[in-house]
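Within every chain, numbering begins at 1; the chains are lettered A, B, ... in the order of the sequence lines, protein sequences first and strands thereafter.
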Protein chains: 2
Amino acid sequence: MVLATTLPDTKTRLLDAALLVIRTKGYAGTSVDDLCHAAGVTKGAFFHHFKSKEDMAVAAAAHFGAMAESLFSRAGYRELSDPLERLLAYVDFRKSILQGALPEFTCLLGTLVQEAYETHPAIAAAANRYISEHATTLEADISAVMATRGTPPTWTAASLALYTQAVIQGAFILAKAKGGPQVAVDCLNHLSCYLKLLFNHKP
Amino acid sequence: MVLATTLPDTKTRLLDAALLVIRTKGYAGTSVDDLCHAAGVTKGAFFHHFKSKEDMAVAAAAHFGAMAESLFSRAGYRELSDPLERLLAYVDFRKSILQGALPEFTCLLGTLVQEAYETHPAIAAAANRYISEHATTLEADISAVMATRGTPPTWTAASLALYTQAVIQGAFILAKAKGGPQVAVDCLNHLSCYLKLLFNHKP
DNA sequence: ACATCAATACCGACTGGTTGGTATGTGTCG
DNA sequence: CGACACATACCAACCAGTCGGTATTGATGT
């Protein structure tokens, strides 16, 4: 009889460690030994599960994408019926996540793509994929807002969805520069303000 | 009699090379040998001018900050007298810079701070300093807009100036993810739209 | 019930190449 | 001469990746 699920399996431990360590030290700044030490496994285990460090980064991007998808799809704001309220609540939800130390709430995909976009095409493609997937879920919500509130001149739902992601990524960079999340909160407040102005939100 | 200025001196060549190479491969992904090769100098010269790789990165951040300050202070949009037109022209000017390959127009400071914020405090501090200096010049322009057009509720010139920088940094990340500047242009268009809505700009 | 085989998961010593940094020498200019 | 601006050779530490080995597991034949 199996009493309890013990530790997550080795591969998952490595991926979880990768999320934290790479967000802390960057991809190139993280050695395979760093990862193994953080996950409490040996190098043999690492290269049993991943054929190279780059391969692991691609898997880590997928792991991060899956965690994010789970986080946002389960979040309470998803149940709001009014499309604009739901979109604004998304921004508020992102604000509420900005807690704890920087490596815990910043985006692995943004970190990866900035380092790897020229040197590691496979990593860049993976980061782009999961960023774009998240933007696409937003795009659906924005289309719903446009259907009820009217479409602002010239913009598409897709371009506005990408803009929100740019604001979020940029907010993380400023938070890293300033050493704390306050500036990121301010940026998300501006984003919220923009959305309300665009769609004539009445308070 | 000195006939002509020949090549820039060794230290400047190294710093210019650092701007390009670090923006291409990242800080940790760039070796001292890479830099020396790109600058056409030897390692002896490198360590003659910089006491360590980290020290060079701090100097490169200052070099980048000085080039940016020169670029923006000489730009034509500076001469517009209407504060709001000047602010909007700043965004247009930033759009016009998004030409050529990605390493040529992206921001060294954003790249550096994302990699170094936890592991190299001196680099992070330098990046923060020059990002904040640039934001401060913008803040003056924004204050002038507020004086003529009225202050939007709750915002300060400082927070709006930082927001513009977040949008720009985020736009660079998306451009790297998607492999070209188009998405960054779209983001700056949204930023322009926000500023116009905030300050009741009439076309 | 039990021996056998094969696949999987993991270990840790090892390797060849690269890294940031140093030590020493050399030419040049005042 | 001596301070500066490099060049060359070198080093110890570290790096990603390999390899021979072992422990465990589940399927199969008898």
Side-chain angles (χ1 to χ4, degrees), chain A residues 1-18 21-22 24-61 63 112 115-116 118-124 126, chain B residues 1-3 5-18 21-22 24-61 63 111-112 115-116 118-124 126:
Chain A
M1 170 186 178
V2 175
L3 282 179
T5 53
T6 53
L7 285 173
D9 62 32
T10 301
K11 187 168 185 177
T12 305
R13 291 231 305 286
L14 276 166
L15 288 173
D16 287 340
V21 179
I22 295 178
T24 303
K25 317 196 339 174
Y27 170 72
T30 298
S31 71
V32 172
D33 283 327
D34 287 339
L35 254 19
C36 294
H37 185 255
V41 306
T42 63
K43 227 171 177 179
F46 182 96
F47 284 101
H48 174 73
H49 290 287
F50 307 106
K51 69 176 203 283
S52 67
K53 185 186 172 188
E54 183 179 28
D55 179 51
M56 181 277 307
V58 171
H63 190 58
L112 282 176
E115 274 192 77
E118 278 280 341
T119 47
H120 300 273
I123 297 176
Chain B
M1 169 187 180
V2 174
L3 283 178
T5 51
T6 54
L7 283 173
D9 62 32
T10 300
K11 187 168 185 177
T12 305
R13 292 232 305 287
L14 277 165
L15 288 173
D16 286 340
V21 179
I22 296 178
T24 303
K25 318 203 324 179
Y27 170 71
T30 298
S31 70
V32 173
D33 283 328
D34 287 340
L35 254 18
C36 294
H37 185 257
V41 306
T42 63
K43 227 169 174 182
F46 182 97
F47 285 102
H48 176 71
H49 290 288
F50 306 107
K51 69 175 201 285
S52 68
K53 185 186 174 189
E54 184 178 27
D55 180 51
M56 181 278 305
V58 171
H63 190 57
T111 299
L112 281 176
E115 274 193 75
E118 278 279 339
T119 47
H120 300 273
I123 297 176

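Of all nucleotides in DNA chain D, those with any atom nearer than 4.0 Å to a heavy atom of chain B start and finish, going 5' to 3', at D:dA5 to D:dT8.
Side-chain atoms of A:Glu115 come within 3.5 Å of backbone atoms of A:Ala28 as a donor-acceptor pair (strictly under, hydrogens ignored).
Taking CZ of B:Phe47 as the reference point, atom NZ of B:Lys53 lies at 9.5 Å (rounded to 0.5 Å). Taken to the nearest 0.5 Å, the CD1 atom of B:Ile22 stands 9.0 Å off from the OG1 atom of B:Thr111. Atoms NZ and CE, on A:Lys11 and A:Met56 in that order, are 12.0 Å from each other to the nearest 0.5 Å.
Between A:Ala18 and A:Leu35 the shortest heavy-atom distance is CA-CD1, 3.8 Å.
Per the geometry, NZ belonging to B:Lys53 stands 8 Å off P belonging to C:dG21, to the nearest Å.
In terms of phosphate contacts, A:Thr10 brings no side-chain nitrogen or oxygen within less than 4.0 Å of OP1 or OP2 of C:dA9.
The residue from A:Thr119, A:Val21, A:Ile123 that alone fulfils the side-chain contact (heavy atoms from CB on, under 4.5 Å) condition with A:Tyr27 is A:Ile123.
Judged by distance alone, the side chains of B:Asp55 and B:Ser52 never bring a donor and an acceptor atom under 3.5 Å apart.
The salt bridge (charged side-chain N to carboxylate O under 4.0 Å, His left out) check on B:Asp33 picks up B:Lys43, with sequence neighbours excluded. With sequence neighbours left out, A:Asp16 forms a side chain to side chain donor-acceptor pair (under 3.5 Å) with A:His63. When the ring-ring contact (aromatic ring centres under 6.0 Å, His included) test is applied to B:His49, no partner is found at least two apart in sequence or on another chain.
For the segment residues 41-50 of chain B, the set of residues with a heavy atom within less than 4.0 Å of an atom of DNA chain C comprises B:Lys43, B:Phe47, in numerical order. Contacts between residues 24-34 of chain A and DNA chain D, counted as heavy-atom distances below 4.0 Å, involve A:Thr30, A:Ser31, A:Val32.
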